[in-house]
Amino acid sequence: MKNILILEDDRQLNDGIKLALENPDYRFFQCYKIKEAQEISKTVALDLILLDLNLPDGYGLDFLKAVRAVSDTPIIIITANNMESDTIIGLEAGANDYITKPFSLMILRARAAVQLRQNTKSNSFTIDNMQFDFDKMRFSVAGEAIELSKTEQRLLHLLLNNRGATLKRSDLIDKIWSGDTQYVDAHALTVAIKRLRGKIEPDPSQPTYIKTVYGLGYSWGGSG
């Protein structure tokens with residue numbers, strides 16, 4: 001499931017964008033103010049952001065910069081600001097694409113599809129003294145090989161590929177156990193987190209990397 005955030009204060013256009021991109025594999029978050037989008041981005045691992053610049057409670061470029069500071073989520077700017085200098089500023093700030101109004105919804109659909117295809121998740125990570133290669137199934141901490149169960153691998157992969165976002169417990173359970181959640185005790189996630197921390201954290205009782213976000217879920221809090 002791809003999570004797409006639409007930040008556009010024109011409700012008719014916001015709905016039109018959603019309709020144009022409609023796909024059973026997409027989940028949409030329609031926002032009309034920056035504050036709403038900020039709340040969503042804190043708790044949802046987004047795959048694409050469609051961003052207007054002139055918004056009721058601020059400038060969209062500021063939101064873009066805040067997102068880019070913690071995430072490489074693809075961002076397409078959609079705006080009436082059509083000067084060449086505006087485009088340059090937007091792209092230099094970290095936007096992946098820049099579309100000026102008015103525009104064809106079908107063109108937007110094609111450009112969004114490009115960004116979603118290019119937003120492939122990495123399978124190899126080097127973070128501090130840890131190496132995690134999910135293709136070769138090799139995992140090590142401080143040069144020492146560690147064994148990870150399939151559940152621990154899925155959990156670690158989700159956390160690493162969504163750095164900067166909080167993953168809700170319900171979403172983690174659904175993704176790790178691939179739809180078999182009716183047979184999974186909610187305590188299973190807690191146990192998996194504890195075991196994974198025991199294998200990668202310097203001090204599992206005071207985790208550096210796998211952070212608990214109380215009342216919500218977990219996030220990757222370390223560097224890298």
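This one's a predicted model, so the numbers in the text were calculated from it and none came from an experiment.
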Not counting sequence neighbours, which residues clear side-chain contact (heavy atoms from CB on, under 4.5 Å) with [X]? List them please.
X	answer
Asp57	Lys33, Ile34, Lys35, Leu55
Asp97	Ile76, Arg111, Gln115
Ile40	Leu5, Phe29, Cys31, Val44, Leu46
Lys18	Ile6, Glu22, Phe28, Gln30

Test your reading of the model: is there a side-chain donor-acceptor pair from [X] to the backbone of [Y], 3.5 Å cut-off?
X	Y	result
Thr79	Asn81	yes
Asn96	Ile75	yes
Glu201	Gln206	no
Lys65	Leu61	no
Ser140	Gly143	no
Arg68	Gly94	yes
Ser104	Met106	yes
Asp47	Asn3	yes
Gln131	Thr126	no

Flag side-chain contact, heavy atom, 4.5 Å: [X] against [Y]:
X	Y	result
Leu7	Leu50	no
Lys101	Asp52	yes
Thr212	Arg197	yes
Lys2	Asp25	no
Tyr98	Leu53	yes
Tyr209	Pro202	yes
Leu172	Lys168	no
Met130	Ile127	yes

Phe139: partners by ring pair (Phe, Tyr, Trp, His ring centres under 6.0 Å), with sequence neighbours left out: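 Listed in chain order: Phe134.
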
Residues that Glu144 engages under salt bridge (charged side-chain N to carboxylate O under 4.0 Å, His left out), provided they are two or more places apart: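 Counting only residues at least two positions away or on another chain, Glu144 forms no salt bridge (charged side-chain N to carboxylate O under 4.0 Å, His left out).
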
Partners passing salt bridge (charged side-chain N to carboxylate O under 4.0 Å, His left out) against Glu36 (at least two apart in sequence or in another chain):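 With sequence neighbours excluded, Glu36 shows a salt bridge (charged side-chain N to carboxylate O under 4.0 Å, His left out) to no residue whatsoever.
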
Cluster companions of Tyr32 among Ile, Leu, Val, Met, Phe, Trp, Tyr (side-chain spacing under 4.5 Å):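 Hydrophobic cluster check, Tyr32: no partners found.
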
Connected hydrophobic set around Val191, excluding itself, where side chains approach under 4.5 Å: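 None, because no other hydrophobic side chain comes under 4.5 Å of this residue.
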
Linking I/L/V/M/F/W/Y whenever their side-chain heavy atoms sit closer than 4.5 Å, directly or via other members, would [X] and [Y] fall into one cluster?
X	Y	value
Tyr59	Ile88	no
Ile107	Leu91	no
Leu216	Ile173	no
Val213	Ile176	no
Val141	Leu159	yes

From CA spacing to verdict: side-chain contact (heavy atoms from CB on, under 4.5 Å), Lys211, Trp220: CA-CA 6 Å; Lys211 297 288 191 178; Trp220 184 268; over 6 Å; no

Side chains of Ser124 and Arg138, donor plus acceptor under 3.5 Å: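 No, Arg138 and Ser124 have no side-chain donor paired with an acceptor closer than 3.5 Å.
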
Residue pair Arg169 / Tyr218, side-chain donor-acceptor N/O under 3.5 Å: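 Tyr218 and Arg169 do have a side-chain donor-acceptor pair below 3.5 Å.
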
Please report the shortest heavy-atom distance between [X] and [Y], naming the atom on each side.
X	Y	answer
Leu167	Leu158	CD1-O, 3.7 Å
Leu64	Leu51	CB-CD2, 3.7 Å
Gly90	Ile77	CA-CD1, 3.8 Å
Tyr26	Leu21	CD1-O, 3.2 Å

Lys199 with Glu152: basic N within carboxylate O range, under 4.0 Å: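 Judged by the 4.0 Å cut-off on N to carboxylate O distance, Lys199 and Glu152 do form a salt bridge.
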
Under the rule for side chain to side chain donor-acceptor pair (under 3.5 Å), what residues qualify as partners of [X], not counting sequence neighbours?
X	result
Asp203	Ser205
Arg109	none
Asn129	none

To the nearest 0.5 Å, what is the distance between [atom1] on [X] and [atom2] on [Y]?
X	Y	atom1	atom2	result
Ile17	Glu8	CD1	CD	5.5 Å
Asp171	Asn162	CG	CG	10.0 Å
Arg195	Ile200	CZ	CD1	15.0 Å
Ile49	Ser41	CD1	OG	6.5 Å
Asp10	Asn54	CG	CG	12.0 Å

